[in-house]
Amino acid sequence: AGEEEGEGAAAAGAEAEAGAATEAGTGAIGLLPLHEAVAGCKGALTRFLMAQGASVSAVSGLEGLTPLHIAARSGQLRMCRLLMLQGAAPDVDAAGPRGLGGSPLHEALRGVKVNGARGVHAKIAKLLIDDFKRLGLMAEAAVIIKSTR
């Protein structure tokens, strides 16, 4: 029963946070609620928002990022998996005026440069490359890999 109570409390907390985020529209840095949940590493809130119809493909913030960009940049492997299971595309380029440009794979590979080939960013890069392969986009993945060396 204790485990169920904990899950209930997490769901109630997610609903309260979602309500606050939805009322505000976008957060302090111009992100949509799903983007903020991902940036805050809030798995329960992220799942709740997606269940309520939040788009994993929505672009938000000054950098024009999707939630998958944010998860890849911040080294959140489980969040990347969750977003990809919900249909997040690995090949969407950032579109904001202040962005570095590039896809979530670019973000992961930038993390590999900083943190080394054995860190979580390398695992995220492999996950994204596998998705490129599944989608028949290996030529695009190869171009991205080459451009970030």
Side-chain angles (χ1 to χ4, degrees), residues 7 10-138 140-149:
E7 289 177 12
E15 285 186 40
E17 286 188 50
T22 302
E23 288 173 18
T26 58
I29 55 176
L31 296 178
L32 295 170
L34 180 61
H35 293 69
E36 291 223 10
V38 171
C41 304
K42 298 179 187 239
L45 179 58
T46 298
R47 287 187 296 279
F48 175 80
L49 290 168
M50 289 188 303
Q52 299 303 309
S55 171
V56 296
S57 301
V59 174
S60 181
L62 292 174
E63 294 183 81
L65 304 176
T66 66
L68 187 55
H69 281 93
I70 295 168
R73 176 184 286 178
S74 58
Q76 298 181 62
L77 180 61
R78 291 179 67 191
M79 189 71 76
C80 287
R81 284 188 185 130
L82 174 64
L83 293 165
M84 290 169 70
L85 284 171
Q86 295 297 315
D91 61 332
V92 175
D93 282 335
R98 291 195 188 164
L100 294 173
S103 69
L105 180 55
H106 283 96
E107 296 290 350
L109 292 171
R110 287 180 189 121
V112 170
K113 277 186 161 181
V114 172
N115 301 307
R118 295 181 187 232
V120 70
H121 286 94
K123 292 176 183 176
I124 293 170
K126 179 169 181 350
L127 176 72
L128 292 165
I129 290 167
D130 288 346
D131 208 33
F132 271 88
K133 187 183 296 183
R134 182 186 65 79
L135 295 168
L137 301 172
M138 273 312 292
E140 286 184 37
V143 169
I144 292 168
I145 293 166
K146 186 176 180 180
S147 73
T148 57
R149 286 190 178 171

Between the side chain of [X] and the main-chain N/O of [Y], is any donor-acceptor distance below 3.5 Å?
| X | Y | value |
| --- | --- | --- |
| His35 | Leu65 | yes |
| His106 | His69 | no |
| Thr148 | Leu109 | no |

So how far is it from [X] [atom1] to [Y] [atom2], rounded to the nearest 0.5 Å?
| X | Y | atom1 | atom2 | result |
| --- | --- | --- | --- | --- |
| Leu49 | Ser55 | CG | OG | 12.0 Å |
| Arg78 | Arg81 | CZ | CZ | 8.5 Å |
| Leu128 | Met84 | CG | CE | 5.0 Å |
| Lys42 | Arg47 | NZ | CZ | 13.0 Å |
| Glu140 | Leu105 | CD | CG | 10.5 Å |
| Leu137 | Ile144 | CG | CD1 | 9.0 Å |

Looking only at heavy atoms, which two atoms of [X] and [Y] are closest? And how far apart?
| X | Y | result |
| --- | --- | --- |
| Ala58 | Pro67 | O-CD, 3.6 Å |
| Ala89 | Pro104 | O-CG, 4.2 Å |
| Thr46 | Ala37 | OG1-CB, 3.5 Å |
| Ala94 | Glu63 | CB-O, 3.5 Å |
| Ala117 | Ala122 | O-CB, 3.1 Å |
| Ala88 | Val56 | N-CG2, 3.5 Å |

Carefully, step by step, assess Leu83 and Thr66 under the rule side chain to side chain contact (heavy atoms under 4.5 Å, CB included).
-> CA-CA 10 Å; Leu83 293 165; Thr66 66; over 6 Å; no
Decide yes or no for Glu107 and Ile70: does some side-chain heavy atom of the first lie under 4.5 Å from some side-chain heavy atom of the second?
->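 Not touching, per the 4.5 Å side-chain cut-off.
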Heavy-atom side-chain proximity of Leu135 to Pro90 below 4.5 angstrom =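 Answer yes - side chains close enough.
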Could you walk me through whether Arg134 and Asp130 pass the salt bridge (Lys or Arg N to Asp or Glu O under 4.0 Å) check?
-> CA-CA 6 Å; Arg134 182 186 65 79; Asp130 288 346; over 6 Å; no
Verdict with supporting geometry, Val92 and Leu68, side chain to side chain contact (heavy atoms under 4.5 Å, CB included) | CA-CA 9 Å; Val92 175; Leu68 187 55; over 6 Å; no
Apply side chain to side chain contact (heavy atoms under 4.5 Å, CB included) to the pair Ile129 and Met138, showing each step before the final yes or no.
-> CA-CA 8 Å; Ile129 290 167; Met138 273 312 292; 4.1 Å; yes
